[in-house]
Number of protein chains: 2
Amino acid sequence: MCGSFRRTSRALTQLYEQALRPLGLRATQFTILQVLALAGEVSQGQLGGMLAMDSTTLTRTLEIMGRHGWITERRGRDRRERRLRLAKAGEVQLNRALPAWEKVQSRLRRQVGEQAWNSLLHLTNQVTDLITN
Amino acid sequence: MCGSFRRTSRALTQLYEQALRPLGLRATQFTILQVLALAGEVSQGQLGGMLAMDSTTLTRTLEIMGRHGWITERRGRDRRERRLRLAKAGEVQLNRALPAWEKVQSRLRRQVGEQAWNSLLHLTNQVTDLITN
DNA sequence: CCACAATCAATGTATATACATCTATTGCGA
DNA sequence: TCGCAATAGATGTATATACATTGATTGTGG
């Protein structure tokens with residue numbers, strides 16, 4: 001199962017990133033932009049929880065995204081935390097990327113079929129929940 | 001979909017690798033050992049095709065595995081190709097890892113349920129096939 | 001209030017991963 | 001057979017990813 005997921009994950013990532021390459025945006029980065037747009041301000045640890053990603057992994061990715069000016073950070077009341085928000089440039093970049101992303105996705109959805117597509121979304125999230133809770 | 005798969009992939013990888021850590025074996029490496037045990041001798045490109053992994057990515061991973069003596073390589077008739085086989089030490093390592101791997105997997109399969117488990121295997125492979133063919 | 005455990009993120013290190021480019025070979029058409 | 005396109009990997013570079021360890025801060029029991 002792990003092997004199957006990793007293989008499909010690689011294939012999907014290559015497919016989607018092909019569409020984002022002209023924008024200089026990677027799949028992980030796109031996902032983070034999207035999450036921040038929906039969630040507003042979150043701490044690095046919370047973001048890691050949402051993505052099932054080690055919080056220290058985010059240190060490196062967020063450093064890159066900050067370099068591009070896509071996110072802003074500030075210290076919260078608990079000064080150990082980094083609280084992250086989408087910057088204006090990040091919003092712009094997300095809006096530029098969305099059409100390309102959606103285009104790849106809708107084409108794939110059609111090929112896979114509505115039924116299978118919905119099952120997959122449901123089942124993958126179910127597995128993630130099982131593992132992380 | 002890409003985000004869901006990548007998230008689940010991370011969660012699964014952490015779960016399975018936890019079990020392999022005492023053996024110093026990573027998920028990708030385990031998978032390669034398994035594939036070589038089943039497929040016998042294959043070229044680097046063929047292996048990449050089976051795993052939906054860029055052939056040049058394998059250059060680095062195979063270098064590590066060769067360092068451990070888990071695989072052997074030789075040039076084929078076409079001298080551009082690297083033909084790979086499981087070495088004795090790789091077979092030993094695979095057999096040591098299998099119980100731990102299976103233990104994690106059977107526990108997860110029970111939690112997920114037979115129905116969902118089988119659907120997932122089928123659907124993930126279907127998506128991979130769609131993208132890579 | 002204070003010592004100490006717990007928590008958050010930063011850093012060091014190793015592997016995974018892909019693409020662009022390069023080198024060596026092969027195959028093929030004239 | 002010769003020249004050139006195609007192919008298989010190797011290499012340079014950038015990002016993704018996790019874990020172990022560390023530093024800073026917070027919470028808590030005495």
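Bear in mind that the values here come from a model prediction, so they are computed numbers and not experimental data. Residue numbers start from 1 in every chain, and the chains themselves are labelled A, B, ... in the order their sequence lines are given, proteins ahead of strands.
You'll find a donor-acceptor pair under 3.5 Å spanning the side chain of A/Arg60 and the base of C/dG12, going by distance alone. The base of C/dA18 sits within donor-acceptor range of the side chain of B/Thr57, with an N or O pair under 3.5 Å. For B/Arg80 against D/dT7, a side-chain N or O and a base N or O form a donor-acceptor pair under 3.5 Å. For B/Arg26 against C/dT15, a side-chain-to-base donor-acceptor contact under 3.5 Å is absent.
Phosphate contact (OP1/OP2 of D/dC19, side-chain N/O of A/Thr56, threshold under 4.0 Å): absent. In this model, the phosphate group of D/dA8 is not approached by any side-chain N or O of B/Gln44 to a distance below 4.0 Å at OP1 or OP2. At C/dT17, one or more side-chain N or O atoms of A/Arg6 fall inside 4.0 Å of OP1 or OP2 (strictly under the cut-off). For D/dA8, the OP1/OP2 oxygens have no side-chain nitrogen or oxygen of B/Arg79 closer than 4.0 Å. In terms of phosphate contacts, A/Arg10 brings a side-chain nitrogen or oxygen within less than 4.0 Å of OP1 or OP2 of C/dT17. Contact between the side-chain N/O atoms of B/Thr13 and the OP1/OP2 oxygens of D/dT17 is not found at any separation under 4.0 Å. A sub-4.0 Å separation between OP1 or OP2 of C/dA16 and a side-chain N or O of B/Gln29 is present. Within the structure, every side-chain polar atom (N or O) of B/Gln46 is placed at least 4.0 Å from both OP1 and OP2 of D/dA8. For the OP1/OP2 pair of D/dA8 and a distance below 4.0 Å, the side-chain nitrogens and oxygens of B/Ser55 include no atom meeting the criterion. Put simply, B/Thr28 has no side-chain N or O that comes within less than 4.0 Å of OP1 or OP2 on D/dT17.
Distance, A/Met53 CE to D/dT15 P: 15 Å, rounded to whole Å. Taking atom CZ of residue A/Arg67 and atom C1' of nucleotide D/dT15, one finds them 10 Å apart after rounding to whole Å. The distance between atom CG of B/Asp78 and atom C1' of C/dT23, rounded to the nearest whole Å, is 14 Å. In this entry the distance linking CD of B/Glu81 with C1' of C/dG27 reads 14 Å, nearest Å. Rounded to whole angstrom, the span from the CD atom of B/Gln14 across to the P atom of D/dT17 amounts to 10 Å. Atom CZ in B/Arg21 sits roughly 10 Å away from atom C1' in D/dA20 (whole-Å rounding). For the pair B/Ile131 CD1 and C/dA18 P, the interatomic distance rounds to 12 Å; values are reported in whole Å. Per the geometry, CZ belonging to A/Arg82 stands 15 Å off P belonging to D/dT25, to the nearest Å.
Closest approach of B/Met50 and B/Val35 over heavy atoms only: SD-CG1, 3.8 Å.
Relative ring orientation between A/Trp101 and A/Tyr16 is described as tilted, the plane-to-plane angle lying within the 30° to 60° band.
Backbone-only contact: B/Ile64 has heavy atoms under 4.0 Å from sugar-phosphate atoms and none from a base. The residue B/Glu17 sits apart from the nucleic acid: no heavy atom pair falls under 4.0 Å. At the heavy-atom level, B/Arg77 lies under 4.0 Å from the strands shown only through sugar-phosphate atoms.
Side-chain contact between A/Met65 and A/Leu33 is present, with at least one heavy-atom pair separated by less than 4.5 Å.
Between atom CG of residue B/Leu121 and atom CG of residue B/Asn125 there is a gap of 6.5 Å, rounded to the nearest 0.5 Å. Rounding to the nearest 0.5 Å places CG of A/Leu84 at 8.0 Å from CG of A/Leu58.
Mapping A/Gln18 and A/Thr59 onto DNA chain C by nearest heavy atom places A/Thr59 at the nucleotide closer to the 5' end.
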